Amino acid sequence: FLIASGGQRPEQLLAAERSNYFSDHLIIRSNKGVEGERTLHTVPYNDLMRGCLHVMSEVCENSAYPFEGKAKNTSLHANSLSRAVTKLYGRHKSKFSGGPFTLRDLRRTCKTLMGVAGLDKELRDRIQGHAFNDVSSKHYDRYDYFKEKASGLNDWGEWLGVNVVSKKLAVVKDEKDI
């Protein structure tokens, strides 16, 4: 879900309660900035995100959090996710170059691959909830860019489907044939 959503900040995504998940988007509360300036970040769903949410609802449909932690009605902690990524890296070191791959690297990798998928930098920044600090953006532009983010995330989901998911499924299928 983290990758399908374009590399949202893991801590914020995991802390989002089920009440922040709507039929076509989720709302993440940014923890950046001072209390009065914290913003809401809207993330439209693509088909991969919907599929992940469907699976997670089967796992913990009654929890306050779609990604439930060990304790009932608590969110999965980012440290748990980080440990899982570290273990995955440990099992597949030969597939990574340049040192350990960490949870933080997922956000950067999504940003880079969204560029490969054809999304321009401004759209990638909007999808990831980056602040735009020029005068116009900060004080005058109140447009939510929902349509643009939805279109970009749909393109991203399609790119992932063709270049990652279908290739991974092909490898799994070949391994089962052996």
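As a basis for the values below, the full set of heavy atoms in this structure was taken, side chains included, without hydrogen atoms, waters or symmetry mates. Along the sequence shown, the residues carry numbers beginning at 1. Predicted, not measured: the structure shown is a model, and the values here were computed from it.
No side-chain donor-acceptor contact under 3.5 Å links Asn79 and Ser82. Using a 3.5 Å distance cut-off with no hydrogens or angles, the side chains of Glu148 and Tyr143 do pair a donor with an acceptor. A side-chain N or O of Gln8 and one of His41 form a donor-acceptor pair less than 3.5 Å apart.
Not a single donor-acceptor pair under 3.5 Å links the side chain of Asn20 to the backbone N or O of Ala16. Although no hydrogens or angles enter the test, the distance criterion places a donor-acceptor pair under 3.5 Å between the side chain of Asn73 and the main chain of Ala64. Between the side chain of Arg18 and the main chain of Ser63, a donor-acceptor pair closer than 3.5 Å is present. Side chain of Lys149 to main chain of Thr42: a donor-acceptor pair is present (N/O by atom type, distance under 3.5 Å, no hydrogens or angles). Side-chain atoms of Asn46 come within 3.5 Å of backbone N or O of Ala4 as a donor-acceptor pair.
Inter-residue side-chain proximity for Arg142 and Ser137 is flagged as unmet; no heavy-atom pair is nearer than 4.5 Å. Contact annotation: the side chain of Val43 approaches that of Ile28 to within less than 4.5 Å [non-hydrogen atoms, C-beta and beyond]. In this structure, His92 and Phe101 have side chains that are not in contact, with every pair of non-hydrogen atoms separated by 4.5 Å or more. At least one side-chain heavy atom of Leu26 sits under 4.5 Å from a side-chain heavy atom of Met49. Here the side chains of Trp156 and Leu48 are not in contact, with every heavy-atom distance at 4.5 Å or above. Using a 4.5 Å heavy-atom cutoff, the side chains of Phe1 and Leu13 are in contact. Residues Leu53 and Tyr21 form a side-chain contact, since some pair of their non-hydrogen atoms from C-beta on lies under 4.5 Å apart. Annotation: side chain of Pro100 is not in contact with side chain of Thr86 (no heavy-atom distance under 4.5 Å).
For the residue pair Leu119 and Arg124, the shortest heavy atom distance occurs at O-NE, 3.0 Å. Considering all non-hydrogen atoms of both residues, Cys60 and Pro66 come closest at SG-O, 3.1 Å. Taking every heavy atom of both residues into account, Ala15 and Ser75 meet most closely at CA-OG, 4.4 Å. When every heavy atom of Glu11 is checked against every heavy atom of Ala78, the shortest pair comes out as CG-CB, 3.8 Å. Nearest heavy-atom pair across Ser166 and Val162 is OG-O, 2.7 Å.
Taking the six-membered ring for Trp and the full ring otherwise, Tyr65 and Phe67 have centroids separated by 6.0 Å or more.
Applying the salt bridge (Lys or Arg N to Asp or Glu O under 4.0 Å) test to pairs two or more places apart or on separate chains, none has a residue in residues 64-91.
Geometrically, Arg126 engages Tyr145 in a cation-pi contact, judged by NZ or CZ lying under 6.0 Å from the ring centre and within 45° of the ring axis.
Under the 4.5 Å side-chain heavy-atom criterion for ILVMFWY residues, no single connected hydrophobic cluster contains both Leu76 and Val59. Linking ILVMFWY residues whenever their side-chain heavy atoms come closer than 4.5 Å, directly or via other members, leaves Phe146 and Met114 in distinct clusters.
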Residues 106-113, side-chain donor-acceptor partners within the protein, below 3.5 Å, at least two apart:
residue	atom	partner	partner atom	Å
Arg107	NH1	Gly7	O	2.7
Arg107	NH2	Gln128	O	3.1
Arg108	NH1	Asp105	OD1	3.0
Arg108	NH2	Asp105	OD1	3.3
Thr109	OG1	Asp105	O	2.7
Lys111	NZ	Asp125	OD1	2.3
Lys111	NZ	His130	NE2	3.3
Thr112	OG1	Arg108	O	3.0

**Q.** Stepwise side chain to side chain contact (heavy atoms under 4.5 Å, CB included) test for Leu2 and Leu14
**A.** CA-CA 9 Å; Leu2 184 64; Leu14 294 174; over 6 Å; no
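One finds the CG atom of Asp134 at 8.5 Å from the CG atom of Asp141 (value rounded to the nearest 0.5 Å). For the atom pair CG (Leu153) and CG (Leu160), the distance works out to 10.0 Å, reported to the nearest 0.5 Å.
For Ile3, the CD1 atom sits in a loose shell: 12 or fewer heavy atoms of surrounding residues, nucleotides or ligands are nearer than 6.0 Å. Residue His54 qualifies as open at atom NE2: its count of foreign heavy atoms under 6.0 Å is 12 or below.
Taking the six-membered ring for Trp and thresholds of 30 and 60 degrees, Phe22 and His25 have nearly parallel ring planes, at less than 30 degrees apart.
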